[in-house]
There are 2 protein chains.
Amino acid sequence: MGDMNTAPDPAAARHRWLTDEEQRIWRAYLHATTLLEDHLDRQLQRDAGMPHIYYGLLVSLAEAPRRRLRMTELAMKAKITRSRLSHAIARLEKNGWVRREDCPSDKRGQFAVLTDAGHEVLRRTAPGHVSAVRQALFDRLSPEQQKALGEIMEIVAEGLQPNEAGADLPWLR
Amino acid sequence: MGDMNTAPDPAAARHRWLTDEEQRIWRAYLHATTLLEDHLDRQLQRDAGMPHIYYGLLVSLAEAPRRRLRMTELAMKAKITRSRLSHAIARLEKNGWVRREDCPSDKRGQFAVLTDAGHEVLRRTAPGHVSAVRQALFDRLSPEQQKALGEIMEIVAEGLQPNEAGADLPWLR
DNA sequence: CCCGACTTGTTCAAGTTTCAAGGAGCTGCC
DNA sequence: GGCAGCTCCTTGAAACTTGAACAAGTCGGG
């Protein structure tokens, strides 16, 4: 980008660059999402002792029936690889917030189960986290902007869904 | 969140939860930004051999006068800590894409300088990266949505700027 | 029943990020 | 001059993420 905009390189020649306006939008996007993620990560690290994604795992478990999910299912919900989840659950287990349980119907399977301690951490920290989100995002946007944001994000997410029409590849990647 | 919505806990009582609609928007946001970041990270790792943020460092350098920036300046542009940048530049240096130079006027200072090899990597991979961004984002949004996205992201970013009114703390954190 | 193909979850190694600490140089004030 | 308090950047260790490889279990066809 930038000073490469004028490159006469043939490979780039048939390539459509971003307009100035698109570039402005894209940089605003990167800037804002970076800052927001850092902000929430720090807020949760400070108040709950875990990064945002780990918090999200606990939330998913809290919402699940019997507060448990199969590893793969949880990985899909959180959009992370099974490998990453495995490590994450190991850490949360060490904290006593999650416990593993064998799946009776499939001996390969494992459930991640939210413990009472895990539930308690959520109960204690959820209000602060919601406040942080509200303060950083919703409080600053008009109702129309909120609506637009939701629509835009749904479109973008849909476009990147790994399980698009006909793609019956392994769920991620 | 979720099944905690009805918690009668006094600490949470004076707390405003997210409405269903807000929650829908927030989850769409998380979902989309996660997928997009992963997507671009993988695209760049595959085609350029580096994660998105490292690519961004090279772009910043390419745009700077004499293709060089002081470490702190570059860290600010990229919104990362100096420590992280230090490690990152060390890696890019190993790749031969960046080189360090002492600052003549301040002996503490270091310049990160984009090498010819670094510039070449950018030239070769920028088109593919731009395509990926366009395909995932701009091609899917109407002009109005693009405009709205830019405005929203500018608002959010502004709200999280570390250097807000009166906050003369160290630039980040 | 048995085999090949697939799924599930983990592990290992390599790479990245964070956090706290520290060395070195600058700056202003006495 | 000299010294306190800053800024600049790096370092090292711990935490986290990634991708590939793997053991174990399931499944369906022959």
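Sequence lines set the chain letters: A, B, ... in the order given, protein chains first and strands last, and positions in each chain run from 1. Every value quoted in this text rests on a predicted model; they were computed, and no experiment measured them.
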Separation of C:dT17 C1' from A:Met50 CE (nearest whole Å): 19 Å
Could you check which of C:dC26, C:dG9, D:dT11 has an atom nearest any side-chain atom of B:Asp106? C:dC26
Testing C:dG9, D:dT17, D:dC9 for proximity to the side chain of A:Ile53, the answer is D:dT17
Rounded to whole angstroms, how far apart are CD1 on A:Ile80 and P on D:dT17? 8 Å
From the options D:dT18, D:dG25, C:dT16, select the nucleotide whose nearest atom is closest to the side chain of A:Arg84. D:dT18
Starting at CG of A:Leu85 and ending at C1' of D:dC16, how long is that distance when rounded to a whole Å? 13 Å
Round to a whole Å and report the spacing from NZ of A:Lys79 to P of D:dT18. 15 Å
Salt bridge or not for A:Glu154 and B:Arg24, using N-O below 4.0 Å? yes
Roughly how many Å is it from CG in A:Leu92 to P in D:dA15, rounded to a whole number? 14 Å
side-chain N/O B:Arg70 vs D:dC8 OP1/OP2, d < 4.0 Å: no
So B:Thr72 and B:Arg82, do their side chains get closer than 4.5 Å, heavy atoms only? yes
Tell me the interatomic distance from A:Lys107, atom NZ, to C:dT7, atom P, rounded to whole angstroms. 21 Å
Distance check needed: C:dG9 P versus A:Leu69 CG, whole Å only. 11 Å
Between C:dT17, C:dA13, D:dG25, spot the one nearest the side chain of B:Tyr54, thanks. C:dT17
Can you find a donor-acceptor N/O pair under 3.5 angstrom joining the side chain of A:Arg108 to the base of C:dT7? yes
N/O donor-acceptor pair, side chain A:Ser83 with base C:dT11, under 3.5 angstrom: yes
Comparing nearest nucleotides in DNA chain C, the 5'-proximal residue of the pair A:Asp41, A:Arg100 is A:Arg100
Do the side-chain N and O atoms of B:Thr19 and B:Glu21 include a donor-acceptor pair separated by under 3.5 angstrom? no
Mark yes or no for a side-chain to base donor-acceptor pair under 3.5 Å between B:His87 and D:dG12, with no hydrogen or angle criteria applied. yes
Begin with the C-alpha distance, continue with both residues' side-chain angles, and end with the deciding distance and a verdict on side-chain hydrogen bond (donor to acceptor under 3.5 Å, both in side chains) for B:Gln43 and B:Asp47. CA-CA 6 Å; B:Gln43 184 264 318; B:Asp47 299 346; 3.1 Å; yes
Rounded distance in Å - CZ (A:Arg82) to C1' (C:dT10): 11 Å
Taking the inter-plane angle between the rings of B:Trp26 and A:His52 on a 0 to 90° scale, is it parallel (under 30°), tilted (30 to 60°) or perpendicular (over 60°)? parallel
